[in-house]
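Following: one structure in structure tokens, then a few remarks.
This one's a predicted model, so the numbers in the text were calculated from it and none came from an experiment. All residue numbers in this chain count up from 1 along the given sequence.
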Amino acid sequence: MDQLRQDLSFALRSLGRKPAFTVLAAAMLALGIGANTAIFSVVNAVALRPLPYENPEALLYIGASRDGELLALSAPEFLRLRDESRALEGVAVAVETHLNFLGEDAPERISGARISANLLPVLGIEPILGRNFAPTEDQEGADAVVLMTHAAWQRRFGMDPNILRRHLQLNGRSHAVVGVLPPGFAFPTTGVELYVPAAFSEMELSNPGGHFLDG
């Protein structure tokens, strides 16, 4: 302990005799700490912090492999995995898209996503208002329905308590609002506001090479 006290005293006297060097050393130390803090913040957010879903350690990203490259899934590949996989409890997909929203003022192009009806159960997410999509709604030609994020409900509709009675004009078609999602939920990116069923078209179902789904 005495040796440590003597070493610290000697270091402080040495630094006091060279104030310019002391300032430079302190600045470099501050920069180093700042850089390490910034790097850790990024790594923690991307790699260390658990995903904000139920049982995040059990979630996997699934893609199609071609020539060593990981691709998104095609509609036929997704359906085959969803219906035939015995190793996975559930397989769900989402693809970001843009929706033409006709509001009260003027048409607007907003960020949305097409999702399979089982995406929310796979992630362990339940709407805070209303319900999830029914499997029968996740088909081309079915009744048009929409889920919205809590942020969209708050910003665009003033948290209207009667939101589930409303219909939104999306891509020239009336969509019934069936649910509002919990605060903070946005998938696959933070900019998504509205969700519609994936409802694959005949063209998408017949194209095994059309890799566009994140699973």
Output, in order, the C-alpha distance, side-chain angles, deciding distance and verdict of side chain to side chain contact (heavy atoms under 4.5 Å, CB included) for Leu102 and Leu170. CA-CA 7 Å; Leu102 181 59; Leu170 302 173; over 6 Å; no

What's the separation between atom CD in Gln169 and atom CZ in Phe101, rounded to the nearest 0.5 Å? 9.5 Å

Heavy-atom side-chain contact between [X] and [Y] under 4.5 Å:
X	Y	value
Ser174	Leu168	no
Val192	Glu96	yes
Ser116	Asp138	yes
Arg166	Asp160	yes
Ile163	Leu129	yes
Phe187	Leu119	yes
Ile110	Leu194	yes

Whether the side chain of [X] engages the backbone of [Y] through a donor-acceptor N/O pair (distance < 3.5 Å, no angle test) should be reported.
X	Y	answer
Asn118	Val91	yes
Thr190	Ala186	no
Glu204	Ser201	yes
Glu77	Ser74	yes

Transitively linked via ILVMFWY side-chain contacts under 4.5 Å: [X] with [Y]?
X	Y	result
Val196	Phe157	yes
Val178	Met159	no
Trp153	Leu99	yes
Leu120	Val180	no
Val146	Leu181	no

What is the minimum heavy-atom distance between [X] and [Y], and which atoms define it?
X	Y	value
Glu140	Phe200	CB-O, 3.6 Å
Ile128	Pro182	CG2-CA, 3.8 Å
Pro121	Ala117	CD-O, 3.9 Å
Gly191	Ser111	O-CB, 3.4 Å
Gly179	Leu164	N-CD2, 3.6 Å

For Arg80, the salt bridge (charged side-chain N to carboxylate O under 4.0 Å, His left out) test, sequence neighbours excluded, returns none

May I ask you to decide if the ring planes of Tyr195 and Phe185 are parallel, tilted or perpendicular, using 30° and 60° as cut-offs? tilted

Arg131/Glu137 salt bridge by N-O under 4.0 Å criterion: yes

Any salt bridge between Arg155 and Glu193, counting N to O under 4.0 Å? yes

Could you please spell out the steps behind the side chain to side chain contact (heavy atoms under 4.5 Å, CB included) verdict for His167 and Val177? CA-CA 6 Å; His167 286 71; Val177 179; over 6 Å; no

Under the criterion salt bridge (Lys or Arg N to Asp or Glu O under 4.0 Å), I'd like the reasoning laid out for Arg156 against Glu108: C-alpha separation, chi angles, the key distance, then a yes or no. CA-CA 12 Å; Arg156 294 183 178 277; Glu108 185 180 355; 3.0 Å; yes

Between Ile115 and Val93, does the side chain to side chain contact (heavy atoms under 4.5 Å, CB included) criterion hold? Intermediate values first, please. CA-CA 6 Å; Ile115 62 174; Val93 291; over 6 Å; no

Counting only heavy atoms not in [X], do more than 12 sit closer than 6.0 Å to its [atom1] atom?
X	atom1	value
Arg165	CZ	no
Gln139	CD	yes
Asp143	CG	no

Side chain to side chain contact (heavy atoms under 4.5 Å, CB included) between His175 and Val145: does it pass, once the steps are laid out? CA-CA 5 Å; His175 287 65; Val145 290; 5.9 Å; no

